[in-house]
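Heads up: the structure comes next, in structure tokens.
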Amino acid sequence: MSGDQPVTVEVGLGDRTYDILIGSGLLSRAGAEISRRLPGTRAAVITDANVAAAHLDELKAGLETSGIQPAIITLPPGEKTKSFAHLEEVVDGVLAARLERGDIVIAFGGGVIGDLAGFAAGIVRRGMNFVQVPTSLLAQVDSSVGGKTGINSARGKNLVGVFHQPKLVLADTGVLDTLPIREFRAGYAELAKYGLIDRPEFFAWLEENWAKVFAGGPERVRAIAEACRAKADVVARDEFETGDRALLNLGHTFGHALEAATQYDGARLVHGEGVAIGMALAYRFSSRLNLASPDDAARVEAHLRAVGLPWRIVDIPGDLPDAEALLAFITQDKKVSRGALTFILTRGIGQAFIAKDVPASEVLSFLRENHPGPKESDRR
């Protein structure tokens, strides 16, 4: 595959169906691909300082070749940018650029920028067109697809937002070459998630080929395309997460609680790392409940460890709130319905299911068993 022949994955949503294009060289073609679908529109590009420094000139040139002169709004990098203050900044910037409802908000960054810019696009002028240009592996395989947008609250992650589908996703795999290895690993956790949910053959393929996915080339494109197909299939069936789309949250209930417990401090824990630990915990919890074999949990942990991801709570640097406080974060998570705890658990590799009415006492006991307690340095 070359930059001239991206892989296309379709997200089938009737008259709101859109394409995900996956391949190298897509930034330079952004204007052509957007204009073909949304001719004559103006645009605002929402990005962060790191992505802007590395790739903004290439995207701007790609837009300008098709006559799109974008307004640029640059934000600080990091999870803390998903806030009310920065949402207001983006909304004000789009309005100041005098963009109309039929114009485009382009999210150019990782999951933070995609979630924030998508939320802004969903509420400015009661809904503007939206294009995702994800620059992290995590965003390319997960957050850019499916229309979930939002910001964080002090009370939890992604608690404020809307469903707002993009018109197009451009996943340029070439930009991943500049991604720090920690961020690539974090995105890989979401990639592996699709195998663990319902594609056991894909997980087995990743166990054999993960190093090639990290190195780039056709294996990387194949893995991203497989993940996007998996997510597109689920989104087409359950756009608003009233049914089995919740399976995509494997690892996220534990992971989001750990992120909230670290106050979204990216130096300690980034989202994909939280998901990695959360998936390992979900498999271990499933084993504790006699739903799955301990061998499956061990296999998941071994793969996460092999690629260099954290897989235990103790792998998070610094102290954490106690098990009771972690449970409080879990009960605040939006996957709670009328106070009952809902988890994505598993009966084996690729056999995830939605478990409702999980007893809080079981979760608390499990967290106590897996909580590291104060760090050794603080006991002295």
Side-chain angles (χ1 to χ4, degrees), residues 79-80 82-83 150-161 186 189 193 241 246-292 294 297-298 300-301 304 309-346 352-380:
E79 186 73 27
K80 292 184 178 182
K82 281 175 59 170
S83 67
I151 58 174
N152 300 330
S153 159
R155 297 186 182 277
K157 187 176 170 71
N158 294 333
L159 292 178
V160 183
K193 177 189 74 175
E241 201 175 309
L247 290 170
L248 297 174
N249 294 318
L250 175 65
H252 285 59
T253 301
F254 285 121
H256 283 171
L258 294 170
E259 284 184 271
T262 62
Q263 299 179 303
Y264 308 111
D265 182 353
R268 296 179 64 192
L269 189 74
V270 296
H271 175 66
E273 292 170 340
V275 169
I277 298 171
M279 290 191 300
L281 290 172
Y283 267 79
R284 206 175 309 139
F285 189 41
S286 298
S287 173
R288 186 183 193 274
L289 297 174
N290 295 315
L291 296 166
V300 172
E301 291 167 0
L304 297 174
L309 278 162
W311 54 280
R312 302 167 298 182
I313 296 176
V314 73
D315 294 333
I316 303 170
D319 281 328
L320 292 169
D322 61 20
E324 285 78 5
L326 291 180
L327 181 64
F329 282 119
I330 287 172
T331 59
Q332 180 62 59
D333 191 90
K334 62 189 182 305
K335 296 156 196 68
V336 175
S337 177
R338 300 185 186 278
L341 298 183
T342 298
F343 280 82
I344 310 305
L345 300 178
T346 181
F353 68 98
I354 301 167
K356 297 184 177 179
D357 298 320
V358 175
S361 58
E362 288 278 6
V363 180
L364 181 59
S365 176
F366 175 73
L367 288 171
R368 284 173 174 159
E369 290 173 6
N370 288 273
H371 196 291
K375 301 294 184 185
E376 189 65 35
S377 59
D378 294 322
R379 295 194 188 101
R380 298 188 183 114

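All heavy atoms count here, side chains included; hydrogens, waters and symmetry mates do not.
- A side-chain hydrogen bond (donor to acceptor under 3.5 Å, both in side chains) check over residues 270-279, counting only residues at least two apart or in different chains, returns the pairs Arg182-Glu273, Glu190-His271, Glu259-His271.
- Remark: Arg268 engages no residue in a side chain to side chain donor-acceptor pair (under 3.5 Å) (not counting sequence neighbours).
- Under the rule for a side chain to side chain contact (heavy atoms under 4.5 Å, CB included), the partners of Pro359 that lie at least two apart in sequence or sit in another chain are Ser361, Glu362.
- Taking the ring pair (Phe, Tyr, Trp, His ring centres under 6.0 Å) definition, one finds that Phe366 meets it with Phe254, Phe285, sequence neighbours left out.
- Distance check, rounded to the nearest 0.5 Å: CG of Leu364 to NE2 of His371 gives 11.0 Å.
- Scored by the side chain to side chain donor-acceptor pair (under 3.5 Å) test, Glu369 finds Arg288 as partners (sequence neighbours excluded).
- Partners of Lys356 under the side chain to side chain contact (heavy atoms under 4.5 Å, CB included) rule, at least two apart in sequence or in another chain, are Thr342, Ile354.
- Considering only residues two or more places apart in sequence or on other chains, Glu301 meets the side chain to side chain donor-acceptor pair (under 3.5 Å) condition with Arg284.
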Side-chain atoms of residues 274-283: list all donor-acceptor pairs with protein atoms under 3.5 Å, sequence neighbours left out, distances to 0.1 Å.
residue: Tyr283; atom: OH; partner: Leu196; partner atom: O; Å: 3.1
residue: Tyr283; atom: OH; partner: Gly348; partner atom: O; Å: 3.2

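- Partners of Ala298 by side chain to side chain contact (heavy atoms under 4.5 Å, CB included), not counting sequence neighbours: none found.
- In this structure, the side chain to side chain contact (heavy atoms under 4.5 Å, CB included) partners of Ala355, at least two apart in sequence or on a different chain, are Leu345, Phe353, Val358.
- A search for side chain to side chain donor-acceptor pair (under 3.5 Å) contacts involving Arg155 returns nothing, not counting sequence neighbours.
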